[in-house]
Amino acid sequence: MTVEDYYATLDSSQDPHVLALRKLIMENAQVEELIAWSMPTFKLKATGKNFLSIKATKKFVSLYIFQDKGGASAQQEIIFDTFKDYAPSTGGGGQMITVRFDYKKDLPEQLLKDFIQFQVKAVTEK
């Protein structure tokens with residue numbers, strides 16, 4: 001499956017949120033998009049590290065945020081605080097945080113822009 005194939009499978013209720021989130025992530029010139037774990041995944045060109053993934057579901061778009069091994073950290077606390085209104089949860093042995101954005105609500109675009117910049121910096125500095 002290619003990135004284009006993935007986006008071609010979206011229906012009209014998913015398109016606006018998923019494509020807007022993709023655009024916010026892709027605005028960063030340091031990012032490369034690929035398919036990993038059957039979903040669009042974004043990695044930093046400078047480090048080759050995956051740092052975000054997105055996945056469309058029936059009711060919401062999920063943003064998967066990659067962390068370093070070890071789970072709980074200052075970075076995790078910042079992420080949970082930043083997205084406290086979006087029910088963040090951990091998975092992948094504590095290496096990933098998932099945040100869900102309901103299609104019936106507007107995306108918090110400025111919050112996401114600020115967070116993406118934070119995440120790029122956090123991953124680049126490791």
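- Few gaps surround CG on D81; more than 12 heavy atoms of other groups in view lie less than 6.0 Å from it.
- A heavy-atom distance below 4.5 Å is not found between the side chains of S13 and K58.
- Atom-to-atom distance recorded for S89:OG and F80:CZ is 6.5 Å, nearest 0.5 angstrom.
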Report the C-alpha separation of F51 and V120 in whole Å, then their side-chain angles, then the decisive distance to 0.1 Å, and conclude whether the side-chain contact (heavy atoms from CB on, under 4.5 Å) test is met. CA-CA 8 Å; F51 81 112; V120 166; 3.7 Å; yes
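- With salt bridges taken as basic N to acidic carboxylate O contacts below 4.0 Å, one links E33 and R22.
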Does the pair F42 and N28 meet the rule for a side-chain contact (heavy atoms from CB on, under 4.5 Å), with working shown? CA-CA 10 Å; F42 304 87; N28 190 313; over 6 Å; no
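- One hydrophobic cluster, built from ILVMFWY side chains closer than 4.5 Å, holds both M26 and F101.
- Nearest heavy-atom pair across V61 and V18 is CG2-CG2, 3.7 Å.
- In this structure, I35 and P40 approach most closely via the heavy-atom pair CD1-N, 3.8 Å.
- Atom CD in E27 sits 11.0 Å away from atom CG in L112 (nearest 0.5 Å).
- With no hydrogens or angles considered, no side-chain donor-acceptor pair links D15 and S12 at under 3.5 Å.
- Side chains of L21 and I25 form a contact here, defined as non-hydrogen atoms less than 4.5 Å apart.
- Side-chain atoms of H17 do not come within 3.5 Å of backbone N or O of D106 as any donor-acceptor pair.
- Between the side chain of Q14 and the backbone N or O of D11 there is at least one donor-acceptor pair closer than 3.5 Å.
- Looking at N50 and Y64, their side chains never come closer than 4.5 Å, going by heavy atoms from C-beta outward.
- Y103 and F60 have their aromatic ring centers separated by at least 6.0 angstrom.
- You'll find the ring centres of Y6 and W37 outside the 6.0 Å limit.
- F66 has its side chain out of reach of K49: every pair of non-hydrogen atoms, C-beta onward, lies at least 4.5 Å apart.
- What you find for T41 and S53 is that their closest heavy atoms are OG1-OG, 2.7 Å.
- For the pair K84/T82, no side-chain contact is recorded, criterion being any heavy-atom separation below 4.5 Å from C-beta on.
- Note that CG of L19 and CD1 of I54 are 8.0 Å apart. Values are rounded to the nearest 0.5 Å.
- Between F118 and F115, the ring planes are tilted. Angles from 30° to 60° get that label.
- Residues V31 and K43 have side chains not in contact (no heavy-atom distance under 4.5 Å, counting atoms from C-beta outward).
- Side-chain heavy atoms closer than 4.5 Å link hydrophobic residues (I, L, V, M, F, W, Y) into clusters, and following such links, possibly through other members, connects V3 to L63.
- Under the 4.5 Å side-chain criterion, counting only non-hydrogen atoms from C-beta, I65 is not in contact with M96.
- Hydrophobic clustering keeps L44 apart from L34 (ILVMFWY residues linked when any side-chain heavy atoms are closer than 4.5 Å, directly or through intermediates).
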